[in-house]
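Heavy-atom basis, side chains included; hydrogens, waters and symmetry copies ignored. Every chain is numbered from 1 and lettered A, B, ... according to where its sequence line falls, protein lines coming before strand lines.
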Amino acid sequence: MRFDTPATSNPIDQLKVIGKPTDRIDGPLKTTGTAPYAYERHDVAPNPAYGFVIGAGVAKGRITRIEVSAARAAPGVVAVVTTLESAPLPNGPMNTATLFGGAEIQHYHQAVALVVAETFEQARAAAALVRVDYARQPGRFDLAAEARNAKPVPGDSGEGSGAPPEDRFGDFEGAFAAAPVKLDETYTTPDESHAAMEPHATIAAWEGDRLTVWTSNQMIAWGKRDLAKALSMKPENIRLDSPYVGGGFGGKLFLRSDVVLAALGARAARRPVKVALTRPLIANNTTHRPATIQRVRLGAGRDGRITAIAHESTSGNLKDGKPETAVQQTKLLYAGANRLTALRLAEMDLPEGNAMRAPGEAPGLMALEVAIDEMAERLGLDPVEFRIINDTQVDPEHPERHFSQRQLVECLRRGVERFGWTNRDPRPGQRRAGRWLLGMGVAAGFRNNLLTKSGARVRLDSGGVVTVETDMTDIGTGSYTIIAQTAAEMMGVPIGKVVVKLGDSDFPASAGSGGQWGANNSTAGVFAACVKLREAVAQRLGFNSAEAEFANGQVRSGNRAVPLGEAAGPGGLVAEDAIEYGDLAKRYQQSTFAGHFVEVAVDVFTGETRIQRMLAVCAAGRILNPKSARSQVIGAMTMGVGAALSEALEVDKRHGFFVNHDLAGYEVPVHADIPHQEVLFLDEVDPLSSPMKAKGVGELGLCGVGAAVANAIYNATGIRVRDYPITLDKLIERLPTLA
Amino acid sequence: MSLRINGQARAAEIDTRTTLLDTLREHLKLTGSKKGCDHGQCGACTVMVNGRRVYSCLTLAIMHEGDEITTIEGLGQPENLHPMQAAFVKHDGYQCGYCTPGQICSSVAMLEEIKAGVPSHATSDLTAAPRLTADEIRERMSGNICRCGAYSNIVDAITEVAEKQA
Amino acid sequence: MRPFTYERARTPAEAAAAASRNPGAKFIAGGTNLLDLMKLQIEVPSHLIDVNGLGLDRIEATPEGGLRIGALVRNTDLAADERVRRDYAVLSRALLAGASGQLRNKATTAGNLLQRTRCPYFYDTAQPCNKRQPGSGCSAIGGVTRGLAVIGTSEACIATHPSDMAVAMRALDATVETVKADGTMRQIPIAEFHRLPGDTPHIETALERGDFITAVILPPPAGGRQFYRKVRDRASYAFALVSVAAVVQRDGTGRVALGGVAHKPWRVEAAEAELPRGAKPAMAAILDGAKPTHENAFKVPLAERTLASVLAEARG
């Protein structure tokens, strides 16, 4: 199905199932521990051997020797595979660092060997007997130092954030120089780790030249393509299965070392092999969100109208890596006649930077939305009002291009009312309760909506059961449930009559889970397949498909009504289709918007910041399931708190690695850090996005949260920290002097 | 060796090095208990030993001969959910589901700790019995990390079960 | 984790004897720190002596009016004990500020004292560390040091001791009781139990080969108002950046021990005379001679301000 004109009325608009806060259909499995994750497939891959991955102990250099004889002789060892046995495995288009193969070390904890043994304990012990010698080489590990050598580059996160090396509109320098009120500040964000709870894990099994991997991956079709390339295989000989993914956040978008090592280990061991990256390996072996240095310049008239806006970002990555596209949202979020964005990339030798939840916007808004707060203060304006004054309903660089929907102002106004924003004292450091300084902060949330092809197959059996098959993944997003809701709505059956099968590369390729594009595109693909199935049902019954009504488990036309199972016939019916998009996304800017409101308390003695209240007001098209959508938003808000207050991969700038490479050292928020969170969704349907009229929301919930926290800390303390995370050491010298 | 798991005697041939977690997951195929970090830093492996919650990744199976071990599989099944499991479904107290069994085992044992009068960091008066407040629940559940960030919903789920019990 | 043999000891003396016989042996109680380190081969015992069955899990009144805490009393049970909550609140608070509910259910009194540092370089076996491999060098010095020690450091080591419980015990003047295989008992004042790193950071305590900890003895209650303030980045389940254990009397005198600043719980008794004059002079005396790094220099004002917070609460 081609979607190239705005959606008109369709069966989804009935909203009998769609739009309801349905409990997740996979809930009973997840809460009883019976949903199988990658490392747990005793059902399909019995008697595996255990692989243990060894990571490089240096950040840059060459391996001169790997001594494996002691490991091979150790009890239970079945095979040892080392990186010196093959040339570097070819990378797919999304990867930068070599996953395995060759003597060159590009980053710390790069996989250098796999030890396979009968038991996990034996594999781990034998791995400690492998000796690797290196010829170390000096590396570039300090972004602040390397930023001087950074070169202009274009950026594309692959997730909707893209910008050229430099993009100009109007005369930024002239307008900035002439502006009566100006701001020129630099903000830094650190390297961050996805830190999904489920480690990267794979079981691999060969049958002749056919390979099956049960793995944990967000993008099945990419994974199959890239695994075929890495192993020089035909894609049709590879099957990926990933029905449950224990968190991804971008860390499992691409092929990682667990998959290739499980496959190589299984080939060497001649039996299934299971591999999970150990927690201390994950931060350096896999990818991370790269640190940024961002300069924001704003010029405005005394009326508060922005006349000049510039956002420049520098990040680092390995050779041939990509920049963090932190400036993209600045092209679209606020009005202003004179504009500049720029991206620079420094070549460095830290582990590979790549997509993490809302790449681009997440760190970009952590800078821009603090700058906006600072500018509002300089103008003597309420930060909400300043944002409203500078709202734009068109792409500022292409005024003929309208937003498909843009309710940023409504998000902010609803938030002001709901959060009690008017109780905020605009003068910082005024509100206090006991030892706590209290403050409120606001930020706009912005994230683009991506349209990408997505396919599905739908079966109808003689019992009236509808089965959906698509390689879409559910990484906690609720895909199982919203796909079931979509099929139930389309086919007129209760949700209990729908079976959803996901994550298998033998199913039609879907949009996958990334860039908050999963929900809208994957359900639109199911919509397309259901339209075909409805036609097949109508045709079989001799109904006019345009007139056939699907409701209550029946298909009805005129005064004829046939139970769906009967209509399917004994052999059942099957239909397959994909949603494909025309140029609506070019003609209209499709984005999602939020107002994030945060109240913090800062300990006047110690500078500890604790979040008191959080509210997100979101406008993101039709909300397919308010329960799971709300969860996506609160989860993102939680990640935003981590980014604001505690998360940072600490770089050893001498030896080139992330030092705090486990969950004790890398502090993601815990229960005690997060208060009750409130989420409001504005009524919105977007007929330009898809037949579902929905948009993404899972990353919007993160975009802007960090800045709202930072702005609240400023309101509480009067201390402006422009270097994330805002830990107490950055506040303590400027906290009030004690009596 | 022999272990008592969810009320049943289970035999397993294991290495002295095998953790309780790996015994459950790899030998007994009870994969409901999750391995998130294997170092006591995440809580996904939480089970109950003689009614007390512990990280099964940081204890050896060999040390638990004769102990009564309860895992998520022992609390309820998809067709027969434990009230806490049902409350997690109702309140959407999970997303990816990987930390979920640990959260649920932890919360069931945690409510017993409050009932038994065990204080916490959030207890304001050490000499009084701890109260069942959202802050108490948050502090006591902090040894179970949820990277998806379902905390707010998890607290709602636990609160509902606690109030029904009370 | 290297292969090891395993036995269950039945008496403290038997446990001590087994350890004396076997130079590669380690005691295992809660195991929450030991197994963590064994998985990384930072600890490599060839034999484990399970001491959980020794019955050292009682808290008893002493004839002097104090408490004798069995070595195997779990952190949860110690924190929840009514006598501890009433008379040694600083200890209960410290325990409850540490780790998580699951860890406190397993971790024991003796094991908590013997916790090893959380220095990230100690935990990364690809990096030199004088604790892991004496003489290999300290990779923390000059590296990421935000969480590391500011006082009592040496050129060989700048690690901190991670325990909260031990900091409270230091403020309470606890005594560690040990037994040897021949039945010889020792009473080690907590002040002497943990060592500064000096040139031998791998030697962390005053224990000798074959010493087995049987109990920690608390003197009669110190009275006053008792506080344990732990400052950390996230609100729970994290190690201290700085912690303050304090016993403050009505007249403003008292005792203060610090966590998160040194290789051992840090207390300077002579400095406590400054307490009635306030946090600033007191902490200046307590942290006199501190040599922080650029990254952890904040711990010095943080310690002062945390003490100020405690003193304000004591007055209020």
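- Partners of Phe88(B) under the ring-ring contact (aromatic ring centres under 6.0 Å, His included) rule, at least two apart in sequence or in another chain, do not exist in this structure.
- At a threshold of 4.5 Å between non-hydrogen side-chain atoms, the residues Leu96(C) and Pro119(B) count as touching.
- With contacts defined as side-chain heavy-atom distances shorter than 4.5 Å, the pair Thr19(B)/Leu35(C) does not qualify.
- A donor-acceptor distance shorter than 3.5 angstrom exists from the side chain of Asn105(C) to the backbone of Arg53(B), with no hydrogens or angles considered.
- Between chain B and the residues Glu82(C), Arg8(C), Lys230(C), the largest count of heavy-atom pairs under 4.5 Å involves Arg8(C).
- Partners of Arg58(C) under the salt bridge (charged side-chain N to carboxylate O under 4.0 Å, His left out) rule, at least two apart in sequence or in another chain, are Glu60(C).
- For the residue pair Gln102(C) / Asn144(B), a side-chain donor-acceptor distance below 3.5 Å is found, with atom types taken as modelled.
- The part of Arg234(C) that comes within reach of chain B is its side chain, from C-beta onward, which places non-hydrogen atoms under 4.5 angstrom from that chain.
- With a 4.5 Å cut-off on non-hydrogen atoms, Asn52(C) touches chain B through its side chain but not through its backbone.
- Options Ala97(C), Ala79(C), Ala235(C), Pro3(C) differ in how many heavy-atom pairs under 4.5 Å they form with chain B, and the most are formed by Pro3(C).
- Contacts of Leu60(B) with chain C are made by both backbone and side-chain atoms, with heavy-atom separations under 4.5 Å.
- Looking at heavy atoms from C-beta onward, Thr5(C) lies out of side-chain contact with Thr16(B) at the 4.5 angstrom threshold.
- No side-chain heavy atom of Ser236(C) sits under 4.5 Å from any side-chain heavy atom of His121(B).
- Using a 4.5 Å cut-off between heavy atoms, Cys37(B) makes no contact with chain C at all.
- Proximity to chain B at a heavy-atom threshold of 4.5 Å picks out Lys39(C), Leu40(C), Leu48(C) from residues 37-48 of chain C, in numerical order.
- The most heavy-atom pairs under 4.5 Å with chain C, out of Met141(B), Gln41(B), His39(B), Glu139(B), come from His39(B).
- By number of non-hydrogen pairs under 4.5 angstrom with chain C, the leading residue of Gly43(B), Cys57(B), Ala116(B) is Cys57(B).
- Heavy-atom distances place no part of Asp15(B) under 4.5 Å from chain C, backbone and side chain included.
- Contact residues of residues 85-93 of chain C toward chain B are Arg85(C), Arg86(C), Ala89(C), Ser92(C), Arg93(C) (heavy-atom distance under 4.5 Å).
- At least one side-chain heavy atom of Tyr55(B) sits less than 4.5 Å from a side-chain heavy atom of Leu103(C).
- Chain C forms more heavy-atom pairs under 4.5 Å with one residue of Ile62(B), Val118(B), Thr127(B) than with any other, namely Ile62(B).
- Summarising the geometry, atom CE belonging to Met110(B) is positioned 12.5 Å from atom OG belonging to Ser100(C); distances are rounded to the nearest 0.5 Å.
- In this structure, the side chains of Val84(C) and Leu126(B) stay at 4.5 Å or more apart for every pair of heavy atoms.
- A donor-acceptor contact shorter than 3.5 Å is absent between the side chain of Tyr6(C) and the backbone of Arg17(B).
- Contact of Ala29(C) with chain B is made through the backbone alone, with heavy-atom distances under 4.5 Å.
- Atoms CD and CZ, from Glu113(B) and Arg104(C) in turn, are 8.0 Å apart once rounded to the nearest 0.5 Å.
- The most heavy-atom pairs under 4.5 Å with chain C, out of Ala122(B), Gly117(B), Ser120(B), Gly40(B), come from Ser120(B).
- At least one side-chain heavy atom of Ile28(C) sits less than 4.5 Å from a side-chain heavy atom of Met63(B).
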